Amino acid sequence: MGEAQGIGRIAEAFARARADGRRAALMPYLMGGFPSLEVSREIGLAYAAAGADLVELGVPFSDPLADGPVIHAAATAALAAGATVARVLAVGAAIARRVPVVVMCYANPIYARGLQRFLDELVGAEISGLIVPDLPLEEAAEAQDACEARDLAFVPLVAPTTPRTRLVQIGARATGFIYAVSVTGTTGERDGDAPTLHSAIERAGDHAVVPVAVGFGIGTPGQAAAAAAAGADGVIVGSRLVRAAAESDDPVAAVSELVGGFAAALRAAVG
Amino acid sequence: MSEHRFGPYGGQYVPETLMPALAELESAWESLRTDELFVAELDGLLRDFVGRPSPLYRAARLSQAADRPIYLKREDLNHTGAHKINNALGQALLARRMGKRRIIAETGAGQHGVAAATACALLDLECVVYMGTEDMRRQKPNVERMGLLGARVAPVDAGARTLKEAVSAAIRDWVANVRSTHYIIGSCVGPAPYPALVRDLQRVIGDEARAQVLRQAGRLPQRVIACVGGGSNSIGIFQAFIADESVELVGVEAAGEGLHTGRHGAPLTAAGRAGILHGALTAIMQDEDGQILEAHSISAGLDYPGSGPEHAWLRDSGRARYAAVTDAQALRAFAQTARLEGIIPALESSHALAWALANPGSDLDVVCLSGRGDKDLAEALAALDG
C-alpha cells in the first residue's frame, strides 16, 4: 500500500494507470449497500481485482436528483436493505485497503451528520475524496476548505452547459480530479458516443491542473475507449455495473467480467 | 437581485447542469418584472383571463359561528379554481420571453398542473406535468382536465408516489432538457431564484387583500391565516402584511394523523433540524441519517416533507407562526364551510379554516381560501363517511 491517503493517492492512481501503458484510469461506481452491504463490499473488492484504478462509492440517498432510474432504484433498495451512512463508509474502508476510494454523497446526508464529522469519518475510513452532486461552486466553499484541511480531494462536476467563466472558477478549486459530465442529463446508459464528449473533456481540461475523468452515459467498453481516445484521464462507469448487480444471480461474477472488459478496452485504446 | 437566502435558508443545491439555467431565469425575471410591456401583459391576463381581483368576502355565518369577523380571500374564484394560476401564468409568460417553448411542471393536488396546462394552452406552449400515481388516483378529475387542455401527464411511480417524487422527476427532466425547457415550479420551494420568483408572482393575493380589508372593514386584520404545503398562497398573502407589525401571520400545516404519529406534513411546526430538499436548505422532514421522510396528509397539496425557505426564516425570525391541523379537523372545516357558507373549500384551504375556527381571536381574521374543493369531493366524502 502506498503511503499517500488523500489527494496524493488519487494522483498516484492516475499516474500509475498512465505508467502502465493505459490511456485512462478506470473508475467503476458502486452503490453502497446494494444489493446488500456484504455483497456491495465484495463488488468493490471485485472491481479492484478486475482492474479498477479507483472506485467511486455511492452513498444511497432517498432523493437523488442527478441520477437516472437504475441508480435511483439501487439507492432505494439499499436503504430498504438497511444501508446507513456509517455502514456504507465501513464498506468504503474495506475497499480502500485495495484501491483508492472516492465517495459520492448528496448534500443532505452530509449536513445531517455535520460536515466536519462526516469528513472525519471519511478520513477514518481512509477514503481519498468526495463528490457531492448537488453542491455546485456557489455552495461548496465550506466543504472545499474542510476537505483541503484534511487532504481529502473535493471533486467538482462540470457539465456540457457550464459556461467558460465557470469552468475557470471550478478548475481553479478542483482537487483530485474533475468529473466531466459527458451528457446533459442524469446518470444512465446511452447509445453511441455522446456528441459532447470531446468538448466536455477539452473544455474541462483547458482549465484544470488535475486529471479529468468522464462519466454519465458510459456503458460499453467501446464508449470507454472512445472517451480515452478523446483525451479523458479517467473513465467512470456507473449505471451499467449497477444494472448488472441488479439483474444477475451472481452480481460479483457479473461485475468482475464487465470491469475486466472495460479494463481491457482501455489497454487496447493505447494507440 | 432576487434573494438567494432568507436568513440561513435557501440557496442553490442542484446539479451543475442546472446552474446556468437558474442564472438565466434570475436575470430574465430581474429585467422583466419591471418591464412595462411584460407587466401590462401579465396584469391584463390576470384581470381578463383569471378574473382578478378575487373578492374578499365577509363570511357571515362563519363569522357568527366564530363570534368575530372572518373574511375569506376568494382565490377559489380564480379561473382554474385556485391561486396556482397566478404563478403559472407569470412563469409561462417568462418562459415564452426566454424562448423556451417546452414547459414541465409537477403537481400534487393537480391544481398547479391544471394551472400550468391552462397557461400553456393559452400561450401555445408544450406542457408535461409530473404527478405521483397515488395523487393521480386521488385527483382524477384534475388528471382529466390536464389531458383536455393538451398537457401530457407523466405518471411517477417512485417512493410514496406523491408530490415529493413528482418534484424530483420534474427536476430530472429539467437536467436532461434544460436548454429547451422551462420548469414552472408550483410553490415557493426549490433553488434560488424560484422561492422569490413564486412569492413575487403570488403577492398579488396579499396586495389585493390588504387594500380590500382596509376598504371594507376600515382596519387591518388581527390575523392573516393561510395553509402551508410548500407555502405559495401563504407567502403571497403574508408578503403584503409583513410590515404591519400588529398583524399576526399564521401558517397552517398538515398534521395528518397527528404530529406524534410521524404521519404528517408539518416540517415547520415539528421544527426538526433544517436540511436540503429539492435545491434549498429549509425546514424538512428527515431521519437521523439525512434521508428525506415521506409526508402524509389527506390533502395532496400539503403532502410534502419540505416548505419554502422564506417560511423557515419567517418562523425563526418570529414574524410568522406555524401550527398544524389534522386530517380530521380539516375535514370538519370542509363540511362546515360548505353548510354555513355555500362554499366547498379545497382540503388544503380547509386546514386554514379549521385553525381559524378552533383558535378564537379578538378581532378580524383574513383567511386565504386558496382553492375550491370540487377536486376533493370523492376523497373527502369517503373520509367523512368512514
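Computed from a prediction, not measured in an experiment: that's the story for all the values here. Basis for what follows: all heavy atoms, side chains included, without hydrogens, waters or symmetry-related copies. Naming convention: chains lettered A, B, ... in sequence-line order (proteins, then strands); numbering from 1 in each chain.
- At a 4.5 Å heavy-atom cutoff, A:V59 makes no contact with chain B through either its backbone or its side chain.
- The contact between A:L79 and chain B is made entirely by side chain atoms (from C-beta outward), counting heavy-atom distances below 4.5 Å.
- Taking 4.5 Å as the limit, every side-chain heavy atom of A:E139 sits out of range of all side-chain heavy atoms of B:L281.
- For the set A:P163, A:A159, A:G68, A:P136, the count of heavy-atom pairs under 4.5 angstrom toward chain B peaks at A:P136.
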message = Using side chain to side chain contact (heavy atoms under 4.5 Å, CB included), reason through B:E16 and A:R166 one step at a time and then give a plain yes or no.
response = CA-CA 10 Å; B:E16 168 64 22; A:R166 278 179 73 79; 2.7 Å; yes
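- Identified by a heavy-atom distance below 4.5 Å to chain A, the contributing residues of residues 155-164 of chain B are B:A158, B:K164, in residue-number order.
- Between A:H72 and B:R172, the closest side-chain pair of non-hydrogen atoms falls below 4.5 Å.
- In this structure, A:I110 CD1 and B:I276 CD1 are separated by 8.5 Å, a value rounded to the nearest 0.5 Å.
- Using a 4.5 Å cut-off on side-chain heavy atoms (C-beta onward), A:T184 and B:V178 make contact.
- For chain B, the option among A:D63, A:T84, A:V85, A:T162 with the highest count of heavy-atom pairs below 4.5 Å is A:D63.
- Heavy-atom proximity under 4.5 angstrom to chain A picks out B:E288, B:D289, B:G290, B:Q291, B:I292 from residues 287-294 of chain B.
- Distance check, rounded to the nearest 0.5 Å: CG of A:D134 to CG of B:L18 gives 11.0 Å.
- The ring-ring contact (aromatic ring centres under 6.0 Å, His included) search around A:F154 returns none, not counting sequence neighbours.
- Counting heavy atoms from C-beta outward, A:N108 and B:Q286 have side chains that approach closer than 4.5 Å.
- A 4.5 Å side-chain heavy-atom check between A:P160 and B:R179 finds at least one atom pair inside the cut-off.
- In this view, A:E56 satisfies the side chain to side chain donor-acceptor pair (under 3.5 Å) rule with no residue, not counting sequence neighbours.
- Looking at A:P60, the atoms closer than 4.5 Å to chain B (heavy atoms on both sides) all sit in the backbone: N, CA, C or O.
- Put simply, of B:I171, B:V167, B:V14, the one with the most heavy-atom pairs under 4.5 Å next to chain A is B:V14.
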Verdict with reasoning, A:T161 to B:M19, per side chain to side chain contact (heavy atoms under 4.5 Å, CB included) = CA-CA 8 Å; A:T161 54; B:M19 293 302 287; over 6 Å; no
